[in-house]
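Lettering follows sequence order; numbering is per chain, from 1. These numbers come from a predicted model, not from an experiment.
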Amino acid sequence: MLHTFVAYVEDLPGVLTRVASLFRRLNININSLTVGRSERPGLSRLTLVCEASAEAGHRIRASLFKLENVVDVDDIAHAPAVTRELALIKVAVTPQSRSQIFDLVEVFRARIVDLTSESLMIEMTGVESKIEGLIEVLREDEGRILEICRSGKMTMRRGHHVSSVLRAMGAGEEAEAANGGAAQEEGLPSSIE
Amino acid sequence: MATKEGSNAHLNTPTRLTGAEIMWATLTGEGVDTVFGYPGGAILPAYDALRKFPIRHVLVRHEQSAAHMADGYARASGKVGVAIATSGPGATNLITGIATAMLDSIPMVCITGNVSSKILGTDAFQEVDITGITLPVTKHNFLVTKTEDVAQALRHAFQIARSGRPGPVLVDITKDAQQGTAIFDFEAAKPKPYRPHPMLSVKDTALAEAAELIRNAKKPVILAGHGVIESGAMEQVRTLAERAQIPVALTLLGLGGFPASHPLNLGMMGMHGEAWVNHAIQEADLLIACGMRFDDRVTGKLTDYALKAKKIHIEIDPSEINKNVKVDVALIGDLRQVLEDLLPRIGGRDGAAWLKTIDASKGAVAVRDIKNLPDSGHLYAAHVMHDLWRITGGNAIVVTDVGQHQMWEAQYYHHEHPRTLVTSGGLGTMGFALPAAIGAKFGSPGKDVWVVAGDGGFQMTAAELATIVQEKIKINIAIINNGYLGMVRQWQEFFYEKNYQSTPLVSPDFVKLADAHGIPGRAVRTRAEVAEAVEQARSTNGPFLLNFMVEKEDSVYPMIPAGSALHEMLRRPGHRGKDPLEETAGE
């Protein structure tokens, strides 16, 4: 199955190697990996998607936690979450074909972010299937796509969710106070899962 | 400036020191008094500063040995071992020793020098990316390029090495970081409080479930591993076993964690465990795994492993849960603490019927025991181990190498106390014994230390004989010499039609080799000489080497062939010399 892990890691040289090396060691291919700054100074947030057996999720999460620079790991599994990907697509155009692309971009709710006489660049944000859909339609015309750059998936759980680790670091305190402490607690997975 | 006498002063008062001085001062602050190392260009500033600090440096003959010594020191003492090497080849030579410690969860800090930070990554002379290379075989590692980071990195390294499931940590310090100066403030360099693994989980419901399983079990077995010793849970395991009358089987690294003489001790499980132990596990209806990780040498074929048993797994590393064997109840935490929490829920149990069943299964095997075979004039390794155990009263620290002798030691030397067996279990590193024994002697100076090594493994690190002499320490060495790489030969005999490819081994005369180092020794060829020779070694003031010329083609029995089920054992042929492959435990 497809696993999605969201992790907070220290923003230091070599940390990504340690994370990647864990998957290399387990002979698991990383399908997508996005990393960027988080809401916490000194911590990066990454979303990692990989294909592995259903049982592997527990061990991967436990092993990620063993890395000294990994602060928090969430295994999204089937939890309700928003997943998005960003794609930049450069296509070759002629003055005749241009308006056709404009229509497509409109239908897919994408944007044109660069335009020259011979090419234009489309920016699109959405779920994977939507991006695949646009690419598929663009490919109907052979040779039209010049370049594709995709960010990989970014995932965030829905609702007010705070992991026990981030809670210990002071996350979600205001909201919790407002809710009378009713913020959704992430249960530690039962050890037998 | 630091002086040898007043060297602890700056632990209390922030002082400006060089990075090299900060390194030693921090080690002193962490309680280190002995390190094992080898100097070289990139670590020279550190060596230059060493004389000012109350630390004994043991000069090794190869950096691999430095790592094994630090490892042996840690295993014998329970403290963090420290190895030091220079950059490049010095650092890469440590790797086998680091991996050995990693696989067996040994707390260790390795310090390497590296080229100056300005030329890092340029393939400078003796430069190697040691933090990159050791990433998969360390618990964590640090690259330190600034003097002001030295103390913090080292203190953090010690915290990581000893906490949770222990392991080796490497700190790579560039030459300019050693040469520069910074304010040394030991207190300020203290790492953040240790954060336990967030997935530790000992729920009340799980404890209740475990207690219920134990209460209802008819055929329970405790599987005691290295975690018993690392966690210091010997008393708790014993209390559980005695109160609920549960027999205890041990892993190789668990030996000593439960007294061998205890009536509930079954002995070692797994590939070369006694038949009754493995049978008991296969017949059990409950396994209580304490600080062990269901290694393949312990389980045999997983799909046939202990199928009738419910399993309780008490383990500090959450990534070990359900890794090899799916368990019914997991108590993820420090073993001693978990057992403290569990014991109040455990009442007395009548285990007599089950213990009687196990006892009955011992009889048939005991007659095959080599100790009971008539003296044919040949010397068997089992005789040596048996006499060594008898004469040392089981009180020595025995440091083994890897191979047949290691298994015979495990079978015939009965360990009563924790940290009396030092052996490379996970990685199975030949060449481990001699250097690890040197480390063990420094870690536990009051104990007799015996090296037990084969003729093959001994030659891998034999150069450390000189270290013993230079350091003037008393170590006894028993070489189990059969002229073969014995365990490999055994596999060739059983599984490769006796094609003894590259296993016959020519060795130097070990007694003369010892003599060349100024170490006395003697060869032993008959069973009758063993006891006297062991006594002679013990009573000699200083190191002594015994070269036991044992039966060349003896094999370790029982044996579970790799990939077979636990009950599919090859057994020692009886007097009539049946083919061992025809005799299985099913008979």
Over 12 non-hydrogen atoms of neighbours within 6.0 angstrom of [atom1] in [X]:
X: B:M102; atom1: CE; answer: yes
X: A:R111; atom1: CZ; answer: no
X: A:M156; atom1: CE; answer: no
X: A:E39; atom1: CD; answer: yes
X: A:E132; atom1: CD; answer: yes

Quick one: of B:T205, B:L143, B:T131, B:I160, who has the most non-hydrogen atom pairs under 4.5 Å with chain A?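 Highest number of pairs under 4.5 Å: B:I160.
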Does a side-chain heavy-atom distance below 4.5 Å link [X] with [Y]?
X: B:M199; Y: A:H58; result: yes
X: A:R18; Y: B:N141; result: yes
X: B:N322; Y: A:R59; result: no

How would you list, in number order, the residues of residues 301-318 of chain B that have a heavy atom less than 4.5 Å from chain A? B:D317, B:P318
Name the one of B:R195, B:Q159, B:H156 that satisfies side chain to side chain donor-acceptor pair (under 3.5 Å) with A:E68?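 Single pass found, and it is B:H156.
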Option in A:K66, A:R24, A:R25 with maximal non-hydrogen atom pairs under 4.5 Å from chain B: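 Most pairs with chain B among the choices: A:K66.
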Exercise: identify the closest heavy-atom pair between A:S63 and B:S319: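 So the minimum-distance heavy-atom pair works out to OG-CB, 3.6 Å.
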Does the B:H197 side chain pair with the main chain of A:A62, one donor and one acceptor, at a distance under 3.5 Å?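 Looks like yes, one N/O pair under 3.5 Å.
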In Å, rounded to the nearest 0.5 Å, how long is the span from NE2 of B:H140 to CG of A:L67? 9.0 Å
